[in-house]
Protein chains: 4
Amino acid sequence: MEQEQRIGRQKAVSELKRGLIMDAARKVFEAEGLEGASLRAIATAAGYTPAALYFHFESKEAIYAEVLRESLADLAKAVARAITRAKTPADQLRAAAMAFFRYYADNPKDLDLGFYLFRGGMKPHGLGKERDEILNTALELAMHPIADAAQALGARHEEARLLMADIFAHAAGLLLLAHTGRIRMFGASAPRLMERFVDGATLDLTEKKKR
Amino acid sequence: MEQEQRIGRQKAVSELKRGLIMDAARKVFEAEGLEGASLRAIATAAGYTPAALYFHFESKEAIYAEVLRESLADLAKAVARAITRAKTPADQLRAAAMAFFRYYADNPKDLDLGFYLFRGGMKPHGLGKERDEILNTALELAMHPIADAAQALGARHEEARLLMADIFAHAAGLLLLAHTGRIRMFGASAPRLMERFVDGATLDLTEKKKR
Amino acid sequence: MEQEQRIGRQKAVSELKRGLIMDAARKVFEAEGLEGASLRAIATAAGYTPAALYFHFESKEAIYAEVLRESLADLAKAVARAITRAKTPADQLRAAAMAFFRYYADNPKDLDLGFYLFRGGMKPHGLGKERDEILNTALELAMHPIADAAQALGARHEEARLLMADIFAHAAGLLLLAHTGRIRMFGASAPRLMERFVDGATLDLTEKKKR
Amino acid sequence: MEQEQRIGRQKAVSELKRGLIMDAARKVFEAEGLEGASLRAIATAAGYTPAALYFHFESKEAIYAEVLRESLADLAKAVARAITRAKTPADQLRAAAMAFFRYYADNPKDLDLGFYLFRGGMKPHGLGKERDEILNTALELAMHPIADAAQALGARHEEARLLMADIFAHAAGLLLLAHTGRIRMFGASAPRLMERFVDGATLDLTEKKKR
DNA sequence: TATGAATGAGTATTCATTCAT
DNA sequence: TATGAATGAATACTCATTCAT
C-alpha cells in the first residue's frame, strides 16, 4: 500500500519533470529555432545539467519528437472540438478547416515545429523512419475530419482526399506568408484569405450536390 | 586607358571566380542540404581554401544570399518567358501561375533555397534587413506578372494582389507536400491540383468580368 | 543464536550477489575489453542499477581487482594441480612452468586481466598500493612451486628465483606474441617454443647437479 | 627563387611545429598513459588549442601512430648501429639482441608505446589495419638483424626465425617485469638475465656449428 | 589574391560516482 | 539493499572566421 503510494508519487514527480523539460525545450525551440537549439540550451533552460536530460529522454531528437507529438495531439483536439460545435456538414467542413488554420496561426511556435518536420533538405530525415510514421499518422488524424465532412456533403472518397490536400496546402502556404510577415507584401490578411478559400470550396461542393 | 583596361579585366576575372564559387556552393547545398553545407565544403568544391572565399564573399550567409538571388532571378525569367507565349490575359494568368509552380516543382533545390529564407524560427533572420528586402523585391518581381494578368482580366488592384497571395500560397503549400512526399498521403498529384486551382481562380475572374 | 543465523544467512546472500556481479563483470570485460567496460554495462549485465553495485564493491576498480584476484587464484590452483601429477623434481619443474603458460594460453581473457595490471603508464597505478601487494602475493604464490622444484633439483635459492623470473618472462613474452597474432610473423608456435625453453632450462639444472 | 625560399622556410616551420606537437604528445603519453592521454591534454602541453592540432594531424590516432613510428625507427637505428660495432657473427647476434633490449630498458616510454600496440583487448585495434601493417613492418625491420646474425652463425632460416621469436619474447617479458618493478620480487636484474639468455642462445648456436 | 595556421565557441553523448528516498 | 535522478568532468571533433605572410 505504502509502497504503491510511493511509486505513484515518484511516477508523478518524474512525469512532472519531463513536462518541465519539455516546456524548456519548447521555449528554446521558439527562441533559437530548431537547428539552433542545443541540448545544453534546453538543459540550462530547464535548470539541469545536460547529462541529467538523458534520464528523461533518450536523445535530443527524442525531445523534439515528443514536443512535436504533443503539438499534433493538441491540433487534433482543437479540430475535433471545433467540429462538435458545428451542426451541418458544411459548417463542419468550414469549422474543421479553419480550426486547423487557426491552431497554427495562433501558435506560431507549433508551426515551426510542424514545418521542421516538412524539411531538412527536405526529406523526412533525422527522426527515425518509425517516428516519422507516428507523426504522419498524427497529422492524418488531425486532418481526417475535413475529409469526413466533405464526404457527408456528398463528395466521393477521392474527391474528399483531394480537398483535404487542397485545404492543407492553402493553409500551409498562407501560414508561411503570414508567419514571415510577407503577407503584408500582398496587402492581404491570412485568415480572411483562408476563410474565402474554405467558403469557396464548401460552396463548390454543396452546389455539386444539388445538381 | 591602359589602366582602365587592366581594371576591366580584373573585374571580369573576379566575377568569373565568384561564379565558380557559386557553382560550387550550389552543388554542395544540393548534396549536403543547406544546414549541412559547411564553408569548408564549398571552398573545397571550388578548389579553394576556406579563407580564400572571404575575398569574394563577406560571409557564408552572403554566399547563400547570392545563390538565392540568382535563383529568384531565374524564376522571374521563367515566369516572364511563359507569359510571352500566352495570347489572352486568361492564358497569361494561367501561364504565369503555372510557370511559378513548375519552376520549383522542377528544381527542388531552388525550393529548398526559398524555403530556407522563409524559416529560421521563421523570422527574416540571419541575412541582414537590407538583404531581406532585396530578396523580397526579387520575389515581388517574379510574382508581379500574375497580378498584371489579373488586372488585364478586369480585377481591381487589391483583388489582383489577393489573387497573387492566393496563388503563391497554394503553390507553396502544394510544393511542400510534393517535395516531402506527403502528397501521396492524400492520393493526389501536386501539378494537377495546382492546375485545378489556377483554372478555378481564372474562371472566377472571367465570370465576374462578364457580369 | 537466531541473530547469528540471520547474520550468517545475510552474509551468504551478500556473497552470492557479489559473485553474480563478478560473473557479469567477467562477461563484460571479455566482450568489451577492459577499458571499454563501463560500470553501467556491468550493472546491466548483472541485472542491477549502477548505483546498486556500490553496495557490493567500493569502486569499478575494486571489481576489476577482485576479478583479477580470482583469476590468479585459479592460476595457482592450476599450477598446484599440475605438480601433484608429476613424480620427479624435473617433471615438477616442467609441469609447473607449462601449467603457468597453458593457463594463460587457454584463457586469453585472464591474460588481458593480468597484462592490464602490468600497464597503465605501466606503473602499478589505480588500484591502491595495498591492493597491488595483495595481487603481487597471489602471483608469487602461483609461481613459487617453480622455484621449489628448482631447489629440489639442486639449485640454490637465488638461482631458483632467477629461473622463476626467466620462466615468467619467457612465458609472458610468448603469450604476448601469441595473443596478438604476431607469433605468426616468426613462423613459430608459442607452446612449442615454451616447451623448448623449459626443457632447456631443466636440462641445464640437472646437468649442473651431476657435476 | 624568392618564392621557393619562402615555401622552403614555411615547410621547415611547419615540420618544426609538428615536431613540437609530437614532443608534447610523448610527454603526455608518458604522464597519463596512452588511453588517458586526451587530445586536449596534448594540445595544451603543446601550447595549442585542440582545434589547432587538426592542421598538423588528421586525428588523435594519427598522432599516436606517428609517435610510435618514430620510436620504432629509432629502435631500428639503435640495433643497426650496435651491429656495425661488432666483428664476429656471434658478437653481432649478441649486440643486436642486447641493443633491442636496451633500447626499451633505457626508454620506458617507448616501451609503453610498443606495448600499447600489442594490446587492446588484445588485438591490433584502433589504428586502421593499414597502419598496423606499417608498424609490423617496422618491427620486423628492427628485429631482422638478429636473424641475419644467426644465419651467419650457421642456423637455418627457420631456426633463425625461432631464435628471433625467442629473443623478442624473453626481452619483452623481462622488460615487462623490470618496467613494473616486479623484477625485484625475484631478486633479479633484467639486463643481467637478458645477457645470460642471449649468451646461452649464442653458445648453443656456435656449439651446434662446431659439431 | 590566396594560403596555412590558429582560435574560441560549440556539438551530443558517456562516464563513475553520489545522494535522497 | 536498491533505485532514479543528478552532477561535473570529460571526449574527439567541427565550424565560421581572422590574420600574418
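Every chain is numbered from 1, with letters handed out A, B, ... down the list of sequences.
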*Asks:* Would you say A:Thr44's side chain and A:Arg40's backbone share a donor-acceptor pair under 3.5 angstrom?
*Replies:* yes
*Asks:* Starting at atom CD of B:Glu15, determine the distance to atom P of E:dT1, rounded to an integer number of angstrom.
*Replies:* 11 Å
*Asks:* State which residues pass side chain to side chain donor-acceptor pair (under 3.5 Å) with A:Glu58; sequence neighbours excluded, sorted by chain then number.
*Replies:* none
*Asks:* Return yes if some donor-acceptor pair links the side-chain N/O of D:Ser38 with the main-chain N/O of D:Ala41 below 3.5 Å, else return no.
*Replies:* yes
*Asks:* What integer distance in Å separates B:Glu32:CD from F:dA16:P?
*Replies:* 12 Å
*Asks:* Rounded off to whole Å, could you give me the OH-to-P distance for the D:Tyr64 and F:dA12 pair?
*Replies:* 16 Å
*Asks:* Going through the distances and angles, do B:Arg69 and B:Glu66 end up as a salt bridge (Lys or Arg N to Asp or Glu O under 4.0 Å)?
*Replies:* CA-CA 5 Å; B:Arg69 184 156 29 231; B:Glu66 190 125 336; 3.6 Å; yes
*Asks:* So, does A:Lys60 get its side chain near the phosphate of E:dT11, meaning an N or O under 4.0 Å from OP1 or OP2?
*Replies:* no
*Asks:* Go through the steps for D:Lys109 and D:Leu113 under the test side chain to side chain contact (heavy atoms under 4.5 Å, CB included), then give the verdict.
*Replies:* CA-CA 6 Å; D:Lys109 77 187 169 184; D:Leu113 243 35; 5.8 Å; no
*Asks:* Nearest whole angstrom, please: distance from the C1' of F:dC13 to the CD1 of D:Ile63.
*Replies:* 12 Å
*Asks:* Measure the distance from CZ on C:Arg40 to P on E:dT13 and round it to the nearest whole Å.
*Replies:* 13 Å
*Asks:* Taking CZ from D:Arg18 and C1' from E:dA5, how many angstroms apart are they, rounded to a whole number?
*Replies:* 14 Å
*Asks:* Taking only side-chain N and O atoms of D:Ser14, does any of them lie within less than 4.0 angstrom of OP1 or OP2 on E:dA5?
*Replies:* yes
*Asks:* Where along residues 42-58 of chain D does a heavy atom fall under 4.0 Å from DNA chain E?
*Replies:* D:Tyr48, D:Thr49, D:Ala51, D:Ala52, D:Phe55, D:His56
*Asks:* Under the criterion salt bridge (Lys or Arg N to Asp or Glu O under 4.0 Å), I'd like the reasoning laid out for A:Arg26 against A:Asp23: C-alpha separation, chi angles, the key distance, then a yes or no.
*Replies:* CA-CA 5 Å; A:Arg26 267 185 284 262; A:Asp23 289 346; 2.8 Å; yes
*Asks:* Given that A:Ser38 and C:Gly36 both sit by DNA chain E, which one's nearest nucleotide is further toward the 5' end?
*Replies:* A:Ser38
*Asks:* Would you sort out whether D:Ile63 and D:Leu39 count as a side chain to side chain contact (heavy atoms under 4.5 Å, CB included), showing the intermediate values?
*Replies:* CA-CA 9 Å; D:Ile63 299 178; D:Leu39 197 95; 4.3 Å; yes
*Asks:* Determine: side-chain N/O of B:Lys17 to OP1/OP2 of E:dA2, distance under 4.0 Å, yes or no.
*Replies:* yes
*Asks:* Rounded to the nearest angstrom, tell me the gap between atom CD in C:Glu35 and atom C1' in F:dA10.
*Replies:* 16 Å
*Asks:* Main chain of C:Val67, side chain of C:Ser71: is a donor-acceptor contact present, judged purely on distance under 3.5 Å?
*Replies:* no
*Asks:* Taking Watson-Crick (N1-N3 plus N6-O4 or O6-N4) and G-U wobble (N1-O2, O6-N3), each under 3.5 Å, can you produce the dot-bracket string of DNA chain F? Use [ ] for crossing pairs and | for inter-strand ones.
*Replies:* .||||||||||||||||||||
*Asks:* Rounded to whole angstroms, how far apart are CD on D:Gln10 and P on F:dA20?
*Replies:* 15 Å
*Asks:* Test B:Ile42 against B:Phe29 for side chain to side chain contact (heavy atoms under 4.5 Å, CB included), laying out the working first.
*Replies:* CA-CA 8 Å; B:Ile42 296 172; B:Phe29 284 157; 4.1 Å; yes
